[in-house]
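Below: the structure, in structure tokens.
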Amino acid sequence: NAGVTQTPKFQVLKTGQSMTLQCAQDMNHEYMSWYRQDPGMGLRLIHYSVGAGITDQGEVPNGYNVSRSTTEDFPLRLLSAAPSQTSVYFCASSYSGVSNQPQHFGDGTRLSIL
Amino acid sequence: DQQVKQNSPSLSVQEGRISILNCDYTNSMFDYFLWYKKYPAEGPTFLISISSIKDKNEDGRFTVFLNKSAKHLSLHIVPSQPGDSAVYFCAASGAGYFGNEKLTFGTGTRLTIIP
């Protein structure tokens with residue numbers, strides 16, 4: 001089982017460049033989300049989606065865009081990369097957004113903005 | 001404002017002994033708590049959870065205790081094994097509306113099991 005797949009695993013960008021972090025899940029999960037992990041900050045929610053066509057902002061949405069055209073895919077877009085966006089990004093999915101549904105995480109994308 | 005706090009960044013425990021990881025929260029609306037374990041270069045994996053209507057949940061070597069009055073939960077691992085060496089994140093949910101209950105994570109505790 002593939003679970004949650006994130007690509008790329010590593011990326012270096014220059015300030016101002018744009019890129020898309022890919023996330024795909026094969027578990028037919030309705031709920032998908034993006035987190036960033038920074039030293040001493042834990043995981044912080046960027047954007048999430050409760051189903052295809054529905055997205056909403058999390059705790060730290062500025063500088064990021066998302067869309068959810070299919071159940072399987074939930075890409076995260078950086079329109080104009082900034083050094084403050086250097087982080088490790090994790091995509092997660094769960095059957096629903098209900099509390100008792102543990103989220104399944106991908107292995108992360110390590111992003112460096114120069 | 002950190003709503004979920006793990007005040008110990010690191011913890012070292014001898015193999016075979018009990019590991020106790022602590023977590024405090026401030027939002028009384030949280031009604032479900034989860035522990036995730038993370039190895040380097042991997043994503044977090046779900047370990048164990050507890051609903052606010054319980055004060056204890058056990059799964060093999062792992063037990064989570066919840067003290068709602070103190071807004072405190074703890075994860076006990078006994079006996080500790082070398083494979084338990086990882087970063088442990090406490091997370092809480094329930095502060096949103098049904099079906100949209102976002103997770104709030106603590107900053108993590110790095111557990112090292114000494115052989």
Side-chain angles (χ1 to χ4, degrees), chain A residues 1-10 21 23-25 27 29-51 54-61 87-110, chain B residues 1-10 23-25 27 29-54 57 59 62 64 66 86-110:
Chain A
N1 287 341
V4 178
T5 303
Q6 291 185 238
T7 56
K9 293 190 183 302
F10 303 95
L21 280 63
C23 176
Q25 52 90 10
M27 297 172 282
H29 284 170
E30 289 294 326
Y31 191 91
M32 296 187 74
S33 52
W34 277 101
Y35 295 86
R36 59 178 289 174
Q37 183 191 9
D38 302 294
M41 301 290 287
L43 281 81
R44 293 182 292 168
L45 182 65
I46 304 171
H47 285 286
Y48 64 96
S49 169
V50 298
I54 307 170
T55 64
D56 206 346
Q57 297 180 349
E59 181 185 355
V60 287
S87 187
V88 181
Y89 292 84
F90 290 100
C91 178
S93 73
S94 59
Y95 181 72
S96 73
V98 178
S99 291
N100 64 355
Q101 296 292 322
Q103 296 192 27
H104 300 256
F105 285 83
D107 285 339
T109 295
R110 186 175 296 274
Chain B
D1 179 30
Q2 193 76 22
Q3 297 188 68
V4 178
K5 301 176 184 178
Q6 294 177 257
N7 292 319
S8 298
S10 62
C23 178
D24 298 294
Y25 62 96
N27 191 335
M29 296 298 292
F30 289 142
D31 64 2
Y32 207 80
F33 304 89
L34 308 93
W35 285 93
Y36 285 83
K37 175 180 180 180
K38 185 184 179 305
Y39 292 119
E42 294 184 9
T45 55
F46 169 71
L47 189 58
I48 192 171
S49 62
I50 188 167
S51 165
S52 61
I53 64 173
K54 296 184 175 181
N57 188 29
D59 183 2
F62 303 92
V64 56
L66 176 62
V87 176
Y88 290 78
F89 289 98
C90 171
S93 70
Y97 56 88
F98 184 82
N100 186 17
E101 286 148 350
K102 296 167 278 192
L103 283 180
T104 301
F105 282 85
T107 53
T109 296
R110 181 178 303 277

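Just so we're on the same page: letters track the sequence lines, and every chain starts at 1.
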Is chain B contacted by the side chain of A:Q37, its backbone, both, or neither, given a heavy-atom distance below 4.5 Å?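 Looking at A:Q37, just its side chain touches chain B.
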
Which atoms of A:L43 come close to chain B, meaning under 4.5 Å heavy atom to heavy atom: side chain ones, backbone ones, both, or neither?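 For A:L43, heavy atoms of backbone and side chain both lie under 4.5 Å from chain B.
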
Structural part of B:F33 lying under 4.5 Å from a heavy atom of chain A: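 No part of B:F33 comes within 4.5 Å of chain A.
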
In a check of ring pair (Phe, Tyr, Trp, His ring centres under 6.0 Å) between A:Y35 and each of A:F105, A:Y89, A:F90, A:Y48, which one passes?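 The ring pair (Phe, Tyr, Trp, His ring centres under 6.0 Å) with A:Y35 is passed solely by A:F105 among A:F105, A:Y89, A:F90, A:Y48.
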
For the residue pair [X] and [Y], establish whether any side-chain heavy-atom pair is separated by less than 4.5 Å.
{"X": "A:D38", "Y": "A:R44", "result": "yes"}
{"X": "A:M27", "Y": "A:S93", "result": "yes"}
{"X": "A:L45", "Y": "A:W34", "result": "no"}

